[in-house]
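Worksheet: the structure to be examined is printed underneath.
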Amino acid sequence: MAEVKVLIPAVMSSSTNGEREVDVNGNTVIEVIDELSKKYGEDFKNKVIDNSGNLKPIINVYVNDENIKFLEDLHTKLKDKDEILFLPAVSGG
Amino acid sequence: MVIKYLLCRKCSTEFNADLKYVCDECFNPLDVIYDFDKIKLTKDVIKSREKNLWRYFELLPLKNKNNIVDIGAGYTPLHKADKLAKRLGLNNLYIKNDTVNPSFSFKDRPAGVAVSKSIELGLEAVGSPSTGNLASATAAHAARAGIPCYIFIPHDIEQAKISQVQTYGANIIPVNGTYDDANRLASYAGDKYNIGIVNINLRTYYVEGSKTLAFEVCEQLDWNAPDHVIVPTGSGAMLCAIDRGLKEFDRIDLISKNNTKITSAQPEGCSPIVDAIKTKSNSIQPVKKPNTLAKSLAIGEPGDGIFAVETVNNSRGYGENASDEEIREAIRLLASTEGIFAEPGGAVSIAVLLKLVNNGKIDANERIVCYVTGNGLKAPEAPFIHQPELKVVEPKREVLQDIIGR
Ligand SMILES: Cc1ncc(COP(=O)(O)O)c(C=O)c1O
Ligand SMILES: [Zn+2]
């Protein structure tokens, strides 16, 4: 299992008991999300994953600053020390 | 202003009007909801006010007029483009000329509102990630407010835009990457250092400023909504704001009906919103490496993309894109027929108008407004691939006969 660091923005930290930097284990992004749900409750997963198991369009996830949409999405593989950043998809101009 | 609350666009949870930009429950964007029953805004009151965007104060998200940071944004000309219209066989064409804002793009509207709101919220610094225009608009307003400003830009934007920002005295962070990389870094900075990032954590308020693009057009058309608007689109925020502006004016009876078609105009090298409209998709496929002359519209992951697609479809408008060459032609056509000099991002609405006319999608009598949102001096090299060469002459009277010859 890869040991990775997860960065949570303030707006999402109500789902992680206020924690903003968390070390977890997981070989893919979805495994990390499952791991976070084990730790903080299903609430976290429900907020980022839709009913058909896809990442909600309103969330961007980056692995080492690369959007996972340009990688292998939720199945993007992880290695030790990778950084996973969650951000609400807000941008413009 | 008479704000009732902030409302989640998706799940309808209500929040107080603080520094909040996404819903706690579902992370969707929040909209400012006004107490329309309490708003007493009449045509006469508006007409009697100062000629800037704050003439619509009741429909802007500020509590106290003392917090306004004003450098004269808004109330730009609505130009009846008869020469261009004649070329295209149209009878009712207008240009909303937002090239003449204080920092020379429409971004003075959202940035002016956001920087004012940051003062009201007691923030000590502001900033923005930007493709260039927002950078200047934010920096100019921050300068006037006397607060520090942090600007995140892709390192390869037009030099003119960089000098402008530097002159306002902002801290510039040129990022070796795309706009979306700059955006991610700014987003993180806002979160970590409690900076008001105008288009991220102040976004709920920021977008309100662009509603004035709709308010002014209605007022300038003698309190009528246009039949069709063509809107340069990057993140989709301005397009959605124009829609909300029309709806709010309708809601408080300042216009009698609102059937305006809203068309999104994007450059071919970065048109995720137009692509979704054309393929009737309800999701946005991001563009990893935008490649376009219209650098100000090079936003590959448009934050309001889905909402812009919905807005265009609900209004029965179109999505259309234009190539770099079509944009160059549009810049030259607009300048040479109407005397308005636009940057590529601002002229894409004209390029798209030409295409819609050619495709038979425009009725000659439609009252059309093309938003022209950025000034040509921001990208002075854009109009020509090969600028026509000039021949230097001796300052002698004889040379005139050859040149003017009449
Ligand atoms: C000149 C110009 N026009 C239009 C836009 C598009 O605005 P939005 O990102 O709100 O769609 C931008 C910036 O993105 C711009 O700089
Ligand atoms: Zn919500």
Side-chain angles (χ1 to χ4, degrees), chain A residues 5-22 29 33 36-37 40-74 76 82-93, chain B residues 10 20-29 105-107 110-111 128-135 137 177 179-188 190-192 194 197-201 203 206-207 234-238 282-286 288 296-297 299-306 345:
Chain A
K5 176 184 291 218
V6 180
L7 302 170
I8 309 279
V11 284
M12 294 176 71
S13 62
S14 63
S15 307
T16 57
N17 304 333
E19 286 179 51
R20 306 276 302 275
E21 281 195 29
V22 200
V29 172
I33 292 174
L36 291 169
S37 313
Y40 302 111
E42 280 299 303
D43 188 41
F44 184 84
K45 184 163 180 177
N46 293 338
K47 280 183 176 172
V48 298
I49 302 290
D50 70 16
N51 291 337
S52 23
N54 297 318
L55 187 67
K56 290 189 178 172
I58 207 68
I59 304 289
N60 283 332
V61 182
Y62 302 85
V63 172
N64 303 329
D65 292 329
E66 180 91 40
N67 192 326
I68 62 168
K69 283 181 197 146
F70 299 127
L71 302 169
E72 288 162 75
D73 208 52
L74 291 172
T76 301
D82 277 352
E83 282 192 353
I84 325 283
L85 173 65
F86 286 82
L87 283 179
V90 174
S91 77
Chain B
K10 262 274 144 59
K20 195 152 197 73
Y21 68 108
V22 291
C23 173
D24 283 349
E25 301 303 317
C26 71
F27 309 128
N28 271 282
S105 84
F106 90 96
K107 292 285 185 185
S128 67
S130 171
T131 50
N133 287 327
L134 179 57
Y179 170 77
D180 297 295
D181 293 316
N183 190 81
R184 186 178 65 255
L185 203 60
S187 180
Y188 188 76
D191 212 51
K192 175 106 181 170
N194 201 28
I197 305 292
V198 297
N199 49 341
I200 299 181
N201 56 15
R203 187 175 187 80
Y206 162 89
V207 295
S235 71
M238 174 184 36
N282 50 12
S283 69
I284 296 282
Q285 190 54 40
K288 186 178 163 85
S296 49
L297 302 181
I299 298 175
E301 300 175 32
D304 281 318
I306 285 296

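Below, read A as the first sequence line, B as the second, and so on, with proteins coming before strands; counting in each chain starts at 1. Not measured: the values here are computed from a predicted model.
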Can you tell me which portion of [X] sits under 4.5 Å from chain B's heavy atoms? Options are side chain, backbone, both or neither.
| X | result |
| --- | --- |
| Asn67(A) | side chain |
| Asn60(A) | side chain |
| Lys69(A) | side chain |
| Pro57(A) | neither |

Once you round to the nearest 0.5 Å, how far does CZ of Phe86(A) lie from OG1 of Thr16(A)?
->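 Here the rounded value is 10.0 Å.
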If you measure from the Lys or Arg side-chain nitrogens to the Asp or Glu carboxylate oxygens, is any gap between Asp180(B) and Arg184(B) under 4.0 Å?
->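 Between Arg184(B) and Asp180(B) there is no salt bridge, as every charged N stays at least 4.0 Å from the carboxylate O atoms.
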Looking at Met12(A), Lys56(A), Glu66(A), which makes the most heavy-atom pairs under 4.5 Å with chain B?
->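 It is Met12(A).
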Look at the side chain of Ser37(A) and the backbone N and O of Glu42(A), then say whether any donor-acceptor pair between them is shorter than 3.5 Å.
->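 No: the side chain of Ser37(A) does not pair with the backbone of Glu42(A).
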Has the side chain of Ser235(B) got a donor or acceptor atom that lies under 3.5 Å from a matching backbone atom of Ala237(B)?
->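 Yes, Ser235(B) side chain to Ala237(B) backbone: donor-acceptor pair under 3.5 Å.
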Heavy-atom pairs under 4.5 Å with chain A are the metric here; pick the option from Ser187(B), Pro286(B), Cys26(B) that has the most.
->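 Highest number of heavy-atom pairs under 4.5 Å: Pro286(B).
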Partner chain A: residue of Asn28(B), Asn201(B), Val198(B), Asp24(B) with the largest heavy-atom pair count (under 4.5 Å) =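 Of Asn28(B), Asn201(B), Val198(B), Asp24(B), Asn28(B) has the most heavy-atom pairs under 4.5 Å with chain A.
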Are side-chain heavy atoms of Tyr21(B) and Ile197(B) found at a separation under 4.5 Å?
->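 No, too far: nothing below the 4.5 Å cut-off.
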Measure Asp181(B) against the heavy atoms of chain A and call it side chain, backbone, both or neither at under 4.5 Å.
->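 Looking at Asp181(B), just its side chain touches chain A.
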Aromatic ring proximity, centroids under 6.0 angstrom, Tyr62(A) and Tyr188(B) =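 No - the distance between ring centres of Tyr188(B) and Tyr62(A) does not fall below the 6.0 Å cut-off.
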